[in-house]
There are 2 protein chains.
Amino acid sequence: MSRPLPKQRLRVWLRMLSAQREIETGLREALRLKFDSTLPRFDVLSALDRYRDGLRMSELSAKLKVSNGNVTGIVERLAGEGLVERVAVDGDRRAMLVRLTPAGAERFAEMATAHEGWINEQLSAFDSDELEQLIRLLERMGGENA
Amino acid sequence: MSRPLPKQRLRVWLRMLSAQREIETGLREALRLKFDSTLPRFDVLSALDRYRDGLRMSELSAKLKVSNGNVTGIVERLAGEGLVERVAVDGDRRAMLVRLTPAGAERFAEMATAHEGWINEQLSAFDSDELEQLIRLLERMGGENA
DNA sequence: AGAATTTATTTCAAGTATAAAATATCTGCA
DNA sequence: TGCAGATATTTTATACTTGAAATAAATTCT
């Protein structure tokens, strides 16, 4: 007789939260110390690095799963640092396209290398098979992919 | 020849972030609509419900893995709502013990029931074996348990 | 064309979060 | 005893986050 399903699910959720917070705390500190930057900024740069032609504000907030207003502020600060630029979209004067500047692309490349290393350490306990298992399971959690 | 280990680990991390944000968005909204409350407040109540004798501020922030100053603010608001109370610890005048009020315990009980239901829906795709797998894997992620 | 609606983004108010500085208290030890 | 250092918490400054309201521009429907 095993534990009821709802309790098991709750347990998974709580454990996931805990692991996540712990890893994020490490990342946050590392980003701050090595790059004087933050996790949200890294996330925005990362999305823009993946979409080199740029993204609209709304696409950015959808990809990051955060509110529109939130992205406005982060992009503003990144623009202030010269890492991203906002350009008008022609054909739609409501929209703004955000993309990496050359400086931003270069900066992100350094951060991404370090970031991959930190994650690699945090998840060093897992071998390839286990990682595949995790991917398969996590892909079925929540709705669609990243 | 499979993908290199560091990339696989990164993939797991990104997928976990994505799933988490999606689920949290749902929980946040549900908590707001049904209880006019928030996730951080729920987390604090949850910890206090588990430790009925109360917790010190520092124990609370350690369990929740958030900063001390953060907990100060959330507890302040919960105290304003009459859901928690702060009492002096005798033998140490620096410390504060926080615990649920009867109203807080009652309120939390309602919230917890609903919360379990929401999580149960969000993770409805998984059966018992898969949940056990997830637990085992997640327990090895980051450092120690919750 | 002109009004109503929808879409894209920003602004706003309130709450959440961190790191660092400030307080207050406690503990260990010369 | 008295003080140096450690501990518990709050305060402060700044950043992040949300949901809702406000703008502004595009689209739809007569």
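Below, read A as the first sequence line, B as the second, and so on, with proteins coming before strands; counting in each chain starts at 1.
Salt bridge present: B:Glu139 and A:Arg11 bring a charged side-chain N and a carboxylate O closer than 4.0 Å.
Side-chain heavy atoms closer than 4.5 Å link hydrophobic residues (I, L, V, M, F, W, Y) into clusters, and following such links, even through other members, never connects A:Val89 to A:Met57. Linking ILVMFWY residues whenever their side-chain heavy atoms come closer than 4.5 Å, directly or via other members, places B:Ile135 and A:Met141 in the same cluster.
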Is there any protein nitrogen or oxygen under 3.5 Å from a nitrogen or oxygen in nucleotides 14-16 of chain D, and what are the pairs?
unit_1, atom_1, unit_2, atom_2, d
D:dC16, OP1, A:Thr38, OG1, 2.8
D:dC16, OP1, A:Arg41, NE, 3.0
D:dC16, OP2, A:Arg41, NH2, 3.4
D:dC16, OP2, A:Arg77, NE, 3.3
D:dC16, OP2, A:Arg77, NH1, 2.2

Atom pairs under 3.5 Å, N or O on each side, protein against nucleotides 4-9 of chain D: can you list them with distances?
unit_1, atom_1, unit_2, atom_2, d
D:dT7, O2, B:Arg94, NH1, 2.5
D:dT9, OP1, B:Met57, N, 3.4
D:dT9, OP1, B:Met96, N, 2.9
D:dT9, OP1, B:Met96, O, 3.2
D:dT9, OP2, B:Ser58, N, 2.7
D:dT9, OP2, B:Ser58, OG, 2.4

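Of all the heavy atoms in B:Ser124 and A:Arg9, the pair that sits closest is O-NH2, 3.5 Å. Closest approach of A:Ala103 to A:Gly82, counting heavy atoms only: CB-O, 4.0 Å.
At a threshold of 4.0 angstrom between heavy atoms, the contacts of A:Arg21 with the nucleic acid are absent.
Environment of CD in A:Glu106: sparse, with no more than 12 heavy atoms of neighbouring residues, nucleotides or ligands closer than 6.0 Å. Within 6.0 Å of CG on B:Asp127 lie more than 12 heavy atoms contributed by other residues, nucleotides or ligands.
The nucleotide range of DNA chain C contacted by chain A, defined by atoms under 4.0 angstrom from heavy atoms of the protein and reported 5' to 3', is C:dT7 to C:dA20.
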Review point. Are B:Arg28 and B:Thr25 close enough, and set up right, to give a side chain to side chain donor-acceptor pair (under 3.5 Å), and what steps lead you there?
Key: CA-CA 5 Å; B:Arg28 194 190 322 284; B:Thr25 296; 4.9 Å; no
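Residue B:Phe108 forms a side-chain contact (heavy atoms from CB on, under 4.5 Å) with just one option from B:Val84, B:Leu83, B:Thr113, B:Asp49, and that option is B:Asp49.
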